[in-house]
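Worksheet: one structure, shown below.
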Amino acid sequence: MKKGFHYALLTAAILTLASCSTTKYVPDGSYLLDEVRIHTDNKNVKPSNLSIYVRQNPNSKWFSLIKTQLYVYNWSGRDSTRWVNRALRRLGDAPVIYSKEETERSREEMTKAVQNMGYMGATVEYIPKIKKKKVKLAYKVNTGEPYIVRSLKYDVQDEKIWEYMQKDSASTYLSEGMYFNANILDSERQRITGNLLRNGYYKFNKDYISYTADTVRGTYQVDLTLHLARYRQHSGAELQDHPQYTINKVNFIADYDVLQSSALSSVEINDSIHYKGVPIYYKDKLYLRPKVLTDNLRITPGDLYNEQDVQRTYSNFGRLPVLKYTNVRFFETQVNDSAKLNAYVMLTKNKHQSVSFELEGTNSAGDLGAAASVSFQNRNVFRGSETFLVKLRGAYEAVSGLGYKNDNYTELGVETSINFPRFMFPFISNDFKRKIRATTEFGLQYNYQMRPEFTRIVASGSWSYKWGLQRQRSQHRIDLLDINYLYMPWIEPEFKNNFLNDEKNYLLEYNYKDRLIVRTGYSYIYNSAGQALMNNAVIGNSYSIRFNFESAGNLLYVLSKMSNLKKNDQDEYTILNIPYAQYIKGDLDFAKNIVIDNRNSIAFHIGGGIAIPYGNARMIPFEKRYFSGGANSVRGWSVRSLGPGTFSDEKGNFMNQSGDIKLDASIEYRTRLFWKFRGALFVDAGNIWTIREYQDQPGGKFKFDQFYKQIAVAYGVGLRLDLDFFVLRFDGGMKAVNPEKGKDRYPILRPDFGRDFAFHFAVGYPF
């Protein structure tokens, strides 16, 4: 107690000294901007929406509490020639000096923003409060009464465009009685423009649309009129209706070099062919089948120009790995006094073949090892942008503590796959296949594992589909058929006698037998950030949903029943004397990121899953069971060391610490530290349970009146190195609530670093 008091006193003294030095480098006559707040008198105008207009913000705080980087900067001495001082200044942040000019500009922009919301009489004032060499700044927003649109009129002299606008009037953002909001008015201009671009108006843009607004004297009412300017081909030409374009011809240029001039005359062309009336020009040899080009084309001669068709064409060709870039260009032409467009789809090919080599080190509970792999990839194996991959992998690990003659682990594997960038299924029409933007993948894998206690072979084959929608926000995957065969050619006799029999451990015995898994599955991922997440763009509040469902053995079980097959001595049907698994499994996970400011955010997730064996199985195969603890679970426990329920395997056999039900929840406070380092404070909770009561997992069965008492809780701190293309994560977790029998129930009250701490290293964020 006394020791803790001394630590608290020392911490308080350090923080006091740091706070006293925050104005060390603030010049005389100037002030440190210590705080900025925004106050509004209208609940519909939120301060958080106005914060983006503040041009000066105080020095950032770690976890929204401490201006650590300002303190680091102020620890530097005044002699800038010393490397220590330069280093501290680079790591820290210079004090933000209050600027009256920037504050005035912030006030002006904030005023315009509120007025654009419909509060035309809004005013903003700023109130600086100065104390010593610091200033606390407050912006006070007085919105006043909102202006309301009393009447709405349209001034559109182009009859054809007016007809399109009337057909699409149900989607309009404008209505009588709405706030006179400039942002909504601009959104309506963009909406109308988008509709016209989908109906042939190739040259139309939103600048042709304008508004006039007349206020009614003495009231807060506005008479609004939308105007459509007519088209003028060039300066001095007569006004006319906007031209509506149709597609005249579509041409492919297969060997376009983006580094050369963009003029078509500079493209090197040696030969051409015509396929379904579409000319295809190329340099030496056409590397794609003509049918592949036309199947992915969405621009059709004779149709009205449609911006959506252009974007679909970009999207379709962007899915072809054989292509590096795609560019669609249009040129105007007059045919029979009508506006026509000639389209050129210009393709830049990618490298067709590549070889890669990977080398990695491994550390499994202190056992060191290494792994290496070599991969060959062909992105155009059948001239249809099919991707063929073959990968060879080898691994070695020195296994300690087992006491067998051969204390090492060796793994050899080969996998191959071929990916078709189109939907492939027999007896389905080509038109239907074109509408489904799915890729089809077939894969084969063979893995040979040699451990001190057994040798195992895993062979598998798969047939799956993948596709994405809504600008990469959602992704779907269907595993139509996934066959896995687990074969155990050799088991060490001592290990078999001691562990692998019904009397010793049914769980181990079940999972060390030959097994066939024939499954189908579906997975869905939705991320509201979409392409912004892929392009490392600035992301605001976002959320993601993950759902997985799979089923195995049902068709085989029906066939076994219909064929009156005999069961083995374990009461299981077999195929070629190999028992097959039968189960259903489902998982659901929800994660959300809430941005506090440009340096701080809160992220949380909650998820769960259940796997139910039935029919031909009493247990879920080991590869399909749930585990808890580790870098992406309850981080106060090492990987696969928590649960099920109150059970704990003192012998450290991770196979026993697996279950059929899983619940997980986490919350993290994330903050930017300095350079590319990020910090986090987190709390995790969760556990796993079994569906049935197993003798070797006492206390592991899920019970509705008990499970909530068996939720494990951990807390900790994390350091992350965000290198944009990947994230290195270091997390340290401490047990807070321990459900294990015979353990201290609440280690948070009496923490023991050696007993309760777990360190984790991982790549990527936990959720």
Side-chain angles (χ1 to χ4, degrees), residues 442-449 454-464 478-491 495-497 499-523 548-587 609-627 644 655-656 658-662 689-697 700-702:
F442 300 96
L444 293 172
Q445 292 186 354
Y446 182 87
N447 189 267
Y448 184 74
Q449 303 169 3
F454 63 83
T455 298
R456 179 167 63 174
I457 295 174
V458 181
S460 64
S462 62
W463 177 2
S464 62
I478 294 178
D479 293 307
L480 187 64
L481 183 63
D482 186 9
I483 303 174
N484 289 265
Y485 173 44
L486 284 70
Y487 174 53
M488 306 289 296
W490 175 81
I491 300 176
F495 176 77
K496 185 174 184 178
N497 292 331
F499 298 101
L500 305 186
N501 59 67
D502 289 335
E503 296 179 359
K504 292 285 185 180
N505 192 320
Y506 176 74
L507 174 65
L508 289 176
E509 186 266 343
Y510 181 87
N511 285 289
Y512 279 90
K513 284 186 174 182
D514 299 347
R515 191 77 50 189
L516 184 66
I517 304 174
V518 181
R519 73 175 192 92
T520 58
Y522 168 76
S523 65
N548 296 281
F549 176 81
E550 63 181 83
S551 174
N554 295 326
L555 181 59
L556 294 179
Y557 190 78
V558 171
L559 294 176
S560 300
K561 282 279 192 181
M562 293 175 61
S563 304
N564 293 319
L565 293 180
K566 293 183 179 181
K567 295 184 177 182
N568 62 12
D569 56 358
Q570 297 292 321
D571 198 32
E572 298 170 312
Y573 287 116
T574 63
I575 303 294
L576 300 177
N577 293 322
I578 306 169
Y580 56 86
Q582 189 175 8
Y583 64 88
I584 56 171
K585 180 180 179 181
D587 309 274
I610 182 170
I612 303 175
Y614 62 97
N616 205 50
R618 289 184 289 165
M619 182 173 291
I620 300 296
F622 174 74
E623 290 79 6
K624 300 298 180 180
R625 303 199 93 199
Y626 294 108
F627 301 89
M655 292 192 71
N656 280 335
S658 60
D660 310 312
I661 299 174
K662 182 174 183 177
W689 294 267
T690 58
I691 290 285
R692 300 178 176 133
E693 192 77 67
Y694 294 111
Q695 179 180 352
D696 306 298
Q697 295 174 305
K701 184 180 178 181
F702 181 89

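Heavy atoms only: backbone and side chains are in, while hydrogens, waters and symmetry mates are out. Predicted, not measured: the structure shown is a model, and the values here were computed from it.
Judged by distance alone, the side chain of Lys662 and the main-chain N or O of Phe627 form a donor-acceptor pair under 3.5 Å. Judged by distance alone, the side chain of Asp514 and the main-chain N or O of Met488 form a donor-acceptor pair under 3.5 Å. Panel note: side chain Glu572, backbone Arg618; no donor-acceptor pair is recorded below 3.5 Å.
To the nearest 0.5 angstrom, Asn616 atom CG is 7.0 Å from Lys567 atom NZ. Atoms CG and CG, from Leu516 and Asn577 in turn, are 12.0 Å apart once rounded to the nearest 0.5 Å. Phe702 CZ to Thr690 OG1: the interatomic distance, rounded to the nearest 0.5 Å, is 10.5 Å. Taking CD of Glu693 as the reference point, atom CD of Gln695 lies at 10.5 Å (rounded to 0.5 Å).
When all heavy atoms of Gly586 and Tyr626 are compared, the closest pair comes out as O-OH, 3.4 Å. Looking at every heavy atom in both residues, Pro613 comes nearest to Arg692 through O-NH2, 3.3 Å. Closest of all the heavy-atom pairs between Ala581 and Ile517 is CB-CG1, 4.1 Å. Smallest separation of non-hydrogen atoms from Leu480 and Thr520: O-CG2, 2.8 Å. Residues Gly615 and Gln582 share a closest heavy-atom pair of CA-OE1, 3.3 Å. Here the closest non-hydrogen pair linking Asp479 and Ser464 is OD1-CB, 3.4 Å.
For Thr455, the side-chain contact (heavy atoms from CB on, under 4.5 Å) test picks out Tyr448, Met450, Pro489, Trp490, with sequence neighbours left out.
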Any chance you could lay out the side chain to side chain contact (heavy atoms under 4.5 Å, CB included) test for Leu576 and Tyr485, step after step, and finish with the verdict?
CA-CA 12 Å; Leu576 300 177; Tyr485 173 44; over 6 Å; no
Go through the steps for Glu550 and Ser523 under the test side chain to side chain contact (heavy atoms under 4.5 Å, CB included), then give the verdict.
CA-CA 9 Å; Glu550 63 181 83; Ser523 65; over 6 Å; no
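No salt bridge links Glu623 with Arg519; every basic N to acidic carboxylate O contact stays at or beyond 4.0 Å.
Ile584 is not listed as a side-chain neighbour of Ile610, based on a closest heavy-atom distance of 4.5 Å or more. Taking 4.5 Å as the limit, every side-chain heavy atom of Ile612 sits out of range of all side-chain heavy atoms of Lys585. Leu481 places none of its side-chain heavy atoms less than 4.5 Å from the side chain of Phe442. Proximity of Tyr583 to Ile691: side-chain heavy atoms (C-beta onward) are nowhere separated by under 4.5 Å.
In the model, Asn447 has a side-chain atom that pairs as donor or acceptor with a side-chain atom of Gln449 under 3.5 Å.
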Acceptor/donor pairs from residues 558-566 side chains to any protein atom, 3.5 angstrom cut, sequence neighbours excluded:
from   : atom 1 : to     : atom 2 : distance (Å)
Ser560 : OG     : Leu556 : O      : 2.7
Ser560 : OG     : Tyr580 : OH     : 2.8
Ser563 : OG     : Leu559 : O      : 2.8

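Cation-pi geometry between Arg456 and Tyr512 is not satisfied (NZ or CZ under 6.0 Å from the ring centre, within 45° of the ring normal).
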